[in-house]
Each structure stands twice: as structure tokens, then as C-alpha cells.
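Just so we're on the same page: letters track the sequence lines, and every chain starts at 1.
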Protein chains: 2
Amino acid sequence: MAISEAEAVVMDVLWREAPRTAEEILAEVGPAQGWQEGTVKSLLNRLLRKKAVHAERDGRRYLYTPLLAREQYVSQESKGLLDRLFGGRVAPLVAHFSEQRKLSKKDIAELRKLLKELDDEQH
Amino acid sequence: MAISEAEAVVMDVLWREAPRTAEEILAEVGPAQGWQEGTVKSLLNRLLRKKAVHAERDGRRYLYTPLLAREQYVSQESKGLLDRLFGGRVAPLVAHFSEQRKLSKKDIAELRKLLKELDDEQH
DNA sequence: CGTTATCATTTACGCGTGTAAACATCATTT
DNA sequence: AAATGATGTTTACACGCGTAAATGATAACG
């Protein structure tokens with residue numbers, strides 16, 4: 001089963017650094033999200049059930065570690081959007097942002113560099 | 001309120017051509033999706049409530065027209081993903097697909113052209 | 001006109017989600 | 001040992017979603 005948006009917020013904490021205790025996760029995410037302790041615990045349990053994180057006992061508490069890799073999650077999500085909205089092709093997506101004037105100078109510079117590199121490794 | 005994935009399938013039909021009757025929508029989407037008539041009707045009603053489509057009576061039936069523009073929907077969805085996963089920047093997204101070897105030759109060619117055009121209009 | 005066919009609207013139902021309150025467990029402090 | 005505090009687990013509940021059955025309204029037909 002897919003991992004939800006609220007769950008992904010918790011995963012994000014673990015992707016930045018792991019293992020972590022529930023308390024640490026709450027500290028990092030509670031204020032910004034306006035979540036109580038119970039909320040974070042629930043999300044962690046759902047993530048456990050979904051095998052997206054692993055919990056290892058450490059005295060009276062647990063240390064949580066991500067099992068699902070961020071790269072994997074990002075890939076799924078990105079491919080989903082690309083397929084649904086852009087026929088599975090990257091160029092139209094970029095064209096969309098370009099038309100929307102959402103390409104920063106930095107973006108453009110980085111894209112140039114990226115294409116250049118692809119060129120080079122071409123032989 | 002956001003429009004769901006099943007609702008987006010219906011919108012897609014209307015974005016391709018509108019106005020359309022419920023029957024036409026069902027014909028176009030039912031087989032592929034495995035949906036019954038009632039399902040499509042429900043989705044249309046939810047879209048009406050969300051003001052994403054407009055219905056105009058035509059004799060005994062209704063003609064449905066999109067109110068939400070595809071461009072708008074695509075923008076919201078794309079920006080959402082970009083913000084959640086790539087810090088709101090396009091280049092990292094493209095880099096991700098590049099690393100994943102998901103850039104086709106065609107994509108690369110189109111991206112080149114796009115950058116060239118941006119260059120030109122920069123004058 | 002009453003019946004049937006054709007649409008649309010309402011209601012339903014199980015499931016996941018967001019959000020927590022309640023409850024259970026166990027170590028620590030009186 | 002009983003009370004307290006710290007953690008984790010279970011249960012709850014409203015709401016949206018996917019999916020459709022049930023019901024309502026109305027035009028067409030006999």
C-alpha cells in the first residue's frame with residue numbers, strides 16, 4: 001500500500017537522519033505540522049505496518065529506521081505524475097514549467113550543464 | 001477541495017472535448033476503467049459540487065463542460081510534487097530522471113531545443 | 001393516461017487518512 | 001509496594017474516495 005502524505009513527512013525526518021526516536025521525530029515535525037505526540041506515534045505505526053520503517057528496541061523506547069529508500073519513493077511519485085500528466089515524457093514537463101515561467105536562472109544553468117554531461121558521456 | 005484521481009480521469013475526457021454527455025463519458029472511459037454508469041455519474045456530481053465542471057441541460061440530459069482548465073490542474077499537481085520532493089526546483093527533478101535513465105533521446109533533443117529558445121528570447 | 005425506458009440524484013458502504021484520546025506497560029521515585 | 005512518569009499500542013471518529021445500488025423524475029410509448 002502506498003504511503004500517504006502525512007506519513008511521508010515522518011519519512012522525511014528519517015531520511016535526513018536515522019535512527020531516531022519518536023520523541024525526536026515529534027520535536028522536529030510537531031511544531032511545523034501542529035501535530036501531537038499521538039499523531040506521530042500513529043503515523044509511525046502505520047509506517048511499520050506498511051514495512052516502510054523498522055523499529056528496534058532501545059531500552060524503554062524504539063529507534064526507527066527507514067526501510068523504504070527516499071530514492072525509491074521519489075521515483076514512484078515522480079513517475080506517477082509524469083505518466084498521468086505528461087504522457088510519461090520529461091521534456092513536456094519541463095516545457096510546462098518553462099511556459100509557466102517557473103525556470104529560474106539557476107535551473108537553466110543546471111539544465112545546460114546536465115545536457116552537456118549527457119553529451120560528453122555519449123562517447 | 002482537490003480533485004481526486006478518479007475524478008481527473010473524467011476531467012481528462014472533458015478536456016479532450018467538451019461539452020459531453022454522461023453517456024459519452026461513460027463510453028470513453030468505462031471500458032478501460034471498468035466503471036459502471038453510476039460510477040461516472042457520481043464522479044460527475046462530485047465534480048459539480050467542487051465547481052470543476054458545469055452542467056447545462058439539453059433536453060432530458062445534461063451537457064458537461066470543464067470549468068477547471070487542464071493547465072490549471074496540471075500546474076497545481078506539478079508544483080505540488082516539485083515542492084514536496086525537489087525543493088521547488090526543476091533542475092533537480094530532471095537530474096533525478098536523468099540518473100534514473102528515464103530521459104529518452106527525444107526528451108534530450110527537446111530539452112536542448114527548449115534551452116536554445118530560452119537563450120534566443122534572452123536576445 | 002398508465003407503463004416503461006432514460007436520465008439524474010441520493011444513499012450506501014468499505015477503506016484509507018488525518019488526527020488524536022484512551023489504554024496498557026514498565027521503569028522510577030516516594 | 002503504590003504512585004508517577006515515560007513510552008508504545010489500541011481504539012475512535014469524521015471525512016474523502018472508489019464504487020455502485022436504490023430511488024426519483026420525466027419523456028415516450030402503447
Checklist entry - Quick one: does B:D107's side chain get under 4.5 Å of A:P92's, heavy atoms only? => result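 SC-SC contact between B:D107 and A:P92 confirmed.
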Review point. Under 4.5 Å between any side-chain heavy atoms of B:V94 and B:V90, yes or no?
Key: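 Contact flag for B:V94/B:V90 side chains = yes.
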Check the distance between [N]'s [atom2] and [X]'s [atom1] and give it to me in whole angstrom.
X	N	atom1	atom2	value
A:R57	D:dG8	CZ	P	8 Å
B:L44	D:dC17	CG	P	15 Å
A:M1	D:dC17	CE	P	18 Å
A:L48	D:dT9	CG	P	8 Å
A:E37	D:dT9	CD	P	12 Å
B:K41	C:dT10	NZ	P	13 Å
A:Y64	D:dT7	OH	P	11 Å
B:N45	C:dA8	CG	P	9 Å

- prompt: Side chain of A:R61, base of C:dT25: donor and acceptor closer than 3.5 Å?
  reply: no
Side chain of B:R46, base of D:dG18: donor and acceptor closer than 3.5 Å? yes
Ion pair [X]/[Y], N-O distance below 4.0 Å:
X	Y	value
A:E121	B:R101	yes
A:R84	B:D12	no
B:D83	B:K79	yes
B:R61	B:E23	yes

A:T39 side-chain N/O to C:dG18 phosphate OP1/OP2 under 4.0 Å: no
- Phosphate contact (C:dA20 OP1 or OP2) by A:W35 side-chain N/O below 4.0 Å: no
Between the side chains of A:R57 and A:Y62, is a donor N or O closer than 3.5 angstrom to an acceptor N or O?
->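 Checked: A:R57/A:Y62 side chains pair up, N/O donor to acceptor below 3.5 Å.
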> Quick one: bend of the helix from C:dC1-D:dG30 to C:dT30-D:dA1 from 5 pairs per end, to 10°?
Replying inline: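 Rounded to the nearest 10 degrees, the bend comes out at 40°.
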Q) Looking at C:dT11, D:dA6, D:dT11, which one has an atom nearest to any side-chain atom of A:S42? A)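 Selected nucleotide (nearest to the side chain): D:dT11.
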Consider salt bridge (charged side-chain N to carboxylate O under 4.0 Å, His left out). Of A:R46, A:K50, A:R49, which one does A:E7 pass it with?
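Exactly one candidate clears the test, A:K50.
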Ordered by number, residues from residues 3-27 of chain A within less than 4.0 Å of DNA chain C (heavy atoms) are A:S4, A:E5, A:A6
- Message: Tell me if a side-chain donor or acceptor on B:S75 pairs with a main-chain N or O of B:E71 at a distance below 3.5 Å.
- Response: yes
Closest to the 5' end of DNA chain C, once A:K50 and B:L63 are matched to their nearest nucleotides, is B:L63
